[in-house]
Protein chains: 2
Amino acid sequence: MTNTTLKLLAQQLQLSISTVSRALKDHPDIAASTKAKVHALAQSMDYEPNAYAIQLRTQNSRILGVIVPAISNLFYDSFISAVEEESRKHDYALMIMQSSNQAENELNNLKIFRQNRVSGVFACLSSHPENLEVYHKMNEREIPVVFFDIVPKDNRFTKVRMADERCAIIAAEKVIQRNGKKVLALFGDPGLSISQKRKNAFQNFMETYAPKMHVTYLNASSSKEAEDLIQKQYSKTQKFDTVFCMTDEILIGVMKAVQALQIKVPSELGIITISNGFIPNLYHPKISYVETSGFELGKLAFVQMMANIKGGKTQTELTVDAKYIEGGSL
Amino acid sequence: MTNTTLKLLAQQLQLSISTVSRALKDHPDIAASTKAKVHALAQSMDYEPNAYAIQLRTQNSRILGVIVPAISNLFYDSFISAVEEESRKHDYALMIMQSSNQAENELNNLKIFRQNRVSGVFACLSSHPENLEVYHKMNEREIPVVFFDIVPKDNRFTKVRMADERCAIIAAEKVIQRNGKKVLALFGDPGLSISQKRKNAFQNFMETYAPKMHVTYLNASSSKEAEDLIQKQYSKTQKFDTVFCMTDEILIGVMKAVQALQIKVPSELGIITISNGFIPNLYHPKISYVETSGFELGKLAFVQMMANIKGGKTQTELTVDAKYIEGGSL
DNA sequence: GTATCAATATCAAACGTTTGCGAAATTTTT
DNA sequence: AAAAATTTCGCAAACGTTTGATATTGATAC
């Protein structure tokens, strides 16, 4: 069974296609009686406008592309939710693609976006990006790009991101408040810029505001590494009493070791992490964390996108602040 | 800057549009030398075919719609991964929508699918579906629908799902092997058909193969409920020594209580769950689980979809079997 | 009775592709 | 050297919609 089209409706009603088209969109030129008839028939014939024809004609896809490393990541998931919510309000649809952190996929996805003439794209760079060139080309074609979370240094781009330094600083404050004797601070893959940023901010803050506190800085690029690290470190004579985890991944490893060694939290060991909140709430007591909300980031990104679409160029870097969520682990 | 089109290329090269079109798709009618020229110019002008024009002309969107309750759910995430992988191979793109388990969203998403003339849709019913009517209409329009995971009873539809009963039975086997004195079996929202299925299968199996084992059956429709349940039940005189969780959600609650009460796993309490594997691996020891792989389900669903697209009607219900993954919790 | 105006509906072009068919141009066959 | 076959390309229609321009009414004004 073939799809209902304007032509079909027009034939049935002995009207022209344009009249039917205008009737359906409530154009003032059309008599109320005609509109009624058209609407009735359209309803009964299950008319659904052909999105492709519309987009071809109007040259406006009203589709926004989103590239995330992985949709299963809760941070990106909440980012998408926010963008989706706003998009719905503004009558845009979303095309969501995963890069799996691989530059190749990223390029492929961008290609699909271009072929679908998206009205704009939200992009989170894969961890080892190469071709910013392609993004410049997007801008030349007047396809606005809003980078989020993992953003390029080049300041000709529009970017929104979490205040990574602030997150680390807030956590450092809390660590100082606990006033432990020995602190362990765990960061992710040292090659990632986010690890460096957070580490620098954390370390700076600690050294200026608690210079005498004993802090060990270590890196772990996987949960397993973090787990092993704790297992080894914790057997030493002077056990650490506070641990800071840069990310959920680190936290997961730490918590496995904590369970294995049956360490009491928070009495023997205080734990604090940076997270969106899902993982910390899996444990008892709940882990205290500095919240990085993908949701708010999404809202902000959307505002920037609209500004870009309407007002032309706006190169700015905006950040979303973080807040501390009290669990029972510190 | 406007987009490059076939017309533009044709003008530049003093060729006709059709020649350019054919050259780009390696049509045998076109001379090799012309092809070379066309390709070169297309390359340098960053030609990207307009997906809308193509789809309008060919009446084939090569887009498949997917409706899941939530993309952040790891089960559905792996389902999507599988479908995505296969789609890529077969040159289909995906349009992914969330229903958030609400019938209204489900209908809206289907509308968008229809307007985008998707070639087929994978649908996971929202937990309290109403209108199967709309799916029948899709089929009338020759848009194949493959239901997955949560499927309708109506057997005019194509469906794939996990072997829910088998999962529960495998878990029951393991529970019997542990040979505990007192077993607690926790199931989800009693209103959901999946809860009923798993419970019936589990209970049947227990009653036939270990009729003398003491089993308590309870329902919890959230993590919190499960946690409270354990807290209350565990204080009783004869503590249970084995617990079966129907789902990750239940497991999370159980594990919080386990941590709070400092119960030793598996010595004091054996734990087994049904899961895709992420959550069980967050703990130490790792929780043993019966794996329900969204990935395999996705592969199967895709095969069914292709069969539907090519071969017309195929009403069947296929299931993916489950397997037991040994952790250290039982 | 002619000019003006408003209301209503139609015409026709355009968006960028694909593709059946036919037309040159070139080569091969006889 | 003419006929036939082959290679290479262009014409034009179609997909379903939107929209500026235009046509057809009938009513109102002078």
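Note on naming: letters A, B, ... go to the chains in the order of the sequence lines (proteins, then strands), and numbering restarts at 1 for each one.
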Exercise. Let me know the distance between CG of Leu56(B) and P of dT19(C), rounded to the nearest Å.
Key: 13 Å
Quiz item: For the salt bridge (Lys or Arg N to Asp or Glu O under 4.0 Å) test, which of Lys111(A), Lys137(A), Arg114(A) pairs with Asp46(B)?
Solution: Lys137(A)
Quiz item: Lys7(A) NZ to dT10(C) P: how many Å, rounded?
Solution: 16 Å
Quiz item: Thr34(B) has a side chain; which of dA9(C), dT17(D), dT8(D) sits nearest to it?
Solution: dT8(D)
Quiz item: Where do Ile54(A) and Tyr52(B) land on the side-chain contact (heavy atoms from CB on, under 4.5 Å) test, with the steps shown first?
Solution: CA-CA 9 Å; Ile54(A) 294 178; Tyr52(B) 299 115; over 6 Å; no
Quiz item: Is a donor-acceptor pair below 3.5 Å formed from side chain Ser18(B) to base dC11(D), judging by atom type as modelled?
Solution: yes
Quiz item: Cut-off 3.5 Å, side chains only: do His90(B) and Arg62(B) have a donor facing an acceptor?
Solution: no
Quiz prompt | Euclidean distance, atom CD1 of residue Ile30(B) to atom P of dG10(D) [Å, nearest integer] | solution = 8 Å
Quiz item: Could you give the CD-to-P distance, from Glu48(B) to dC15(C), as a whole number of Å?
Solution: 20 Å
Quiz item: Does OP1 or OP2 of dT18(C) have a side-chain N or O of Ser21(B) closer than 4.0 Å?
Solution: yes
Quiz item: Side chains of Asn308(B) and Thr158(B): do they bring a donor and an acceptor to under 3.5 Å?
Solution: yes
Quiz item: Below 3.5 Å, does any donor atom in the side chain of Arg22(A) face an acceptor in the base of dT10(C), or the other way round?
Solution: yes
Practice problem: Please report, rounded to the nearest Å, how far the C1' atom of dT17(D) is from the CZ atom of Arg62(A). | Solution: 16 Å
Exercise. Examine the side chains of Tyr76(A) and Asp149(A) and answer whether a donor and an acceptor come within less than 3.5 Å of each other.
Key: yes
Quiz item: Is Lys25(A) near enough to dT17(D) that one of its side-chain N or O atoms lies under 4.0 angstrom from OP1 or OP2?
Solution: no
Practice problem: List in numerical order all residues of residues 108-120 of chain A for which some heavy atom is under 4.0 Å away from an atom belonging to DNA chain D. | Solution: none
Quiz item: Pick the nucleotide of DNA chain C nearest each of Tyr47(B) and Asp29(B); which residue has the one closer to the 5' end?
Solution: Tyr47(B)
Quiz item: What about Phe122(A) and Phe147(A), are their ring centers closer than 6.0 Å?
Solution: no
Exercise. Check whether the side chain of Arg57(B) and the base of dG16(D) form a donor-acceptor pair under 3.5 Å.
Key: no
Self-check item: Criterion side-chain contact (heavy atoms from CB on, under 4.5 Å) on Arg141(A) and Asn3(B), from CA distance to verdict
Solution: CA-CA 7 Å; Arg141(A) 290 203 191 183; Asn3(B) 274 316; 3.2 Å; yes
Quiz item: What's the CG-C1' distance between Asn3(B) and dG16(C), to the nearest Å?
Solution: 11 Å
Quiz item: For Ile17(B), which contact category applies under a 4.0 Å heavy-atom criterion: base, sugar-phosphate, or nothing?
Solution: base
Practice problem: Describe the nucleic acid contact of Asn50(A) in one word from base, sugar-phosphate, nothing, applying a heavy-atom distance below 4.0 Å. | Solution: sugar-phosphate
Quiz item: Between dT18(D) and Tyr52(A), is there an OP1 or OP2 to side-chain N/O distance shorter than 4.0 Å?
Solution: no
Exercise. Grab the CG-P distance between Asn60(B) and dT17(C) for me, whole Å please.
Key: 17 Å
Exercise. Using atom NE2 of His27(A) as one end and atom C1' of dT18(D) as the other, report the distance to the nearest whole Å.
Key: 10 Å
Quiz item: Within less than 4.0 Å of OP1 or OP2 of dT10(C), is there a side-chain N or O belonging to Thr19(A)?
Solution: yes
Practice problem: Output, in order, the C-alpha distance, side-chain angles, deciding distance and verdict of salt bridge (charged side-chain N to carboxylate O under 4.0 Å, His left out) for Glu85(A) and Lys299(A). | Solution: CA-CA 9 Å; Glu85(A) 201 175 303; Lys299(A) 294 282 186 182; 3.1 Å; yes
Quiz item: Who pairs with Phe295(A) by ring-ring contact (aromatic ring centres under 6.0 Å, His included), at least two apart in sequence or on another chain?
Solution: none
Exercise. Establish, with yes or no, whether the OP1 or OP2 oxygen of dC15(D) is under 4.0 angstrom from a side-chain nitrogen or oxygen of Thr58(B).
Key: no
Practice problem: Check each of Ile112(B), Val66(B), Leu64(B) against Met95(B) using the side chain to side chain contact (heavy atoms under 4.5 Å, CB included) test, and report the only one that passes. | Solution: Ile112(B)
Quiz item: So which one's nearest nucleotide on DNA chain D is more toward 5', Lys35(B) or Ala53(B)?
Solution: Lys35(B)
Quiz item: Just how large is the angle between the end axes of the helix from dG1(C)-dC30(D) to dT30(C)-dA1(D), five pairs per end, to 10 degrees?
Solution: 60°
Quiz prompt | 4.5 Å side-chain heavy-atom contact, Met305(A) and Val83(A) | solution = no
Exercise. Look at Ser16(B) and dG10(D) and indicate whether a side-chain polar atom (N or O) is within less than 4.0 Å of OP1 or OP2.
Key: yes
Practice problem: State whether Gln59(B) places a side-chain N or O below 4.0 Å from either non-bridging phosphate oxygen (OP1 or OP2) of dG16(D). | Solution: yes
